[in-house]
2 protein chains.
Amino acid sequence: MRDTAASPSPGRPLTRKGLADRAGCGIETVRYYEDAGLMPEPDRGPNGYRLYGEEDVRRLGFIGRARRLGLTIEEVRGLLSLVDGERITCAEVRETTLRHLESVRARIAELRRLERTLADVSARCSGEQVPDCAVIDALMDG
Amino acid sequence: MRDTAASPSPGRPLTRKGLADRAGCGIETVRYYEDAGLMPEPDRGPNGYRLYGEEDVRRLGFIGRARRLGLTIEEVRGLLSLVDGERITCAEVRETTLRHLESVRARIAELRRLERTLADVSARCSGEQVPDCAVIDALMDG
DNA sequence: CCTTGACCCTGTAGCTGGTGCAGACCCTAC
DNA sequence: GTAGGGTCTGCACCAGCTACAGGGTCAAGG
């Protein structure tokens with residue numbers, strides 16, 4: 001792992017909201033990822049408050065970016081276990097990524113078929129104020 | 001509504017499974033749509049069994065096709081209330097359809113951006129058995 | 001007549017990926 | 001001292017189903 005120029009972990013620890021803000025997610029989401037085992041159990045202050053460091057910001061950012069790329073929680077968990085285990089290889093990561101790329105392409109193809117159907121069906125619709133519609137007929141008698 | 005050449009409603013009523021099979025969905029789904037108010041409360045036989053007719057087959061088929069086109073339950077409910085109210089106009093249906101078409105196109109555009117990002121990121125991946133991966137770096141330090 | 005197996009009924013819990021709320025505590029500033 | 005923010009926990013909720021438990025019913029076969 002490359003080190004960022006920022007301060008190392010226990011400079012001044014972040015609260016849950018601080019972490020959430022830094023990573024651009026909600027505080028409940030942090031807890032959810034913790035429950036789901038994607039984020040480790042953090043240290044606690046004397047008042048029981050969670051304390052986070054820069055590592056957590058990076059990790060939560062990783063999760064967020066992966067999720068925004070559409071990876072499932074399980075896929076993210078897989079990548080994180082590679083990272084955590086230090087036994088990460090580029091080949092393994094590539095496999096997850098390409099598999100996901102395939103599924104994205106499949107979803108695009110599916111949506112394009114859908115788009116055509118919707119365009120076709122709505123083109124047959126006169127759009128007038130009449131109680132008779134080709135869309136409804138198509139759906140009812142399809 | 002156009003009449004189909006099939007037998008009218010109470011020829012020999014269908015059971016829940018019969019209806020589900022005809023419409024190509026599971027029997028639990030039928031109950032779910034009933035609870036959700038998309039399907040009407042059916043008549044019951046003396047044993048309390050639900051009894052369905054051809055109208056129900058058509059309606060459930062309508063719901064299934066609309067769902068397969070990606071309409072939400074709420075959108076389907078909207079269309080059905082137009083159908084039920086008999087005050088259906090082509091213009092109203094067209095509006096739902098076009099709005100949905102827009103959202104499908106937006107999803108396609110979003111997925112295409114995603115596809116490019118994934119393709120880019122995986123192209124930077126050597127795919128070798130080395131403990132260092134451009135994908136992970138991109139996600140960690142993005 | 002009895003059993004087997006398929007079906008039906010209801011209520012309820014689970015799934016994914018969070019979001020939000022209640023009720024309690026804590027901490028800081030004014 | 002009190003107002004406001006923050007934090008803690010546990011829980012319920014969203015879509016859109018799916019599945020299971022624990023019972024009842026029914027038709028066919030032996």
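Computed from a predicted structure; not experimentally measured. Chain A is the first sequence line, chain B the second, and so forth, proteins listed ahead of strands; every chain is numbered from 1.
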For the pair made of [atom1] in [X] and [atom2] in [N], what is the distance, rounded to whole Å?
| X | N | atom1 | atom2 | answer |
| --- | --- | --- | --- | --- |
| B:L71 | D:dA15 | CG | P | 16 Å |
| A:R67 | C:dT19 | CZ | C1' | 14 Å |
| B:I63 | D:dA15 | CD1 | P | 16 Å |
| A:R31 | D:dC8 | CZ | C1' | 8 Å |
| B:E28 | C:dC15 | CD | C1' | 15 Å |
| A:I27 | C:dC21 | CD1 | C1' | 12 Å |
| B:E75 | D:dA15 | CD | P | 13 Å |
| A:E34 | D:dT7 | CD | C1' | 13 Å |

Under 3.5 Å, is there a donor-acceptor pair between the side chain of [X] and the main chain of [Y]?
| X | Y | value |
| --- | --- | --- |
| A:R50 | A:E41 | no |
| B:D56 | B:G53 | yes |
| A:H100 | A:L69 | yes |
| A:R67 | A:L71 | yes |

Counting just side-chain N and O atoms, does [X] come under 4.0 Å of either OP1 or OP2 of [N]?
| X | N | value |
| --- | --- | --- |
| A:T15 | D:dT7 | yes |
| A:Y49 | D:dG6 | no |
| B:R50 | D:dT25 | no |
| B:T29 | D:dT18 | yes |

Side chain proximity check, A:M39 to A:R31, heavy atoms < 4.5 angstrom:
no

Which nucleotide wins on minimum distance to the side chain of [X], given the candidates [options]?
| X | options | value |
| --- | --- | --- |
| B:R44 | C:dT10, D:dA19, C:dC8 | C:dT10 |
| B:K17 | D:dT18, C:dC8, C:dT19 | C:dC8 |
| A:R16 | D:dC17, D:dT9, C:dC8 | D:dT9 |

Start at the 5' end of DNA chain C and walk down; is the nucleotide closest to A:N47 or to A:Y32 reached first?
A:Y32

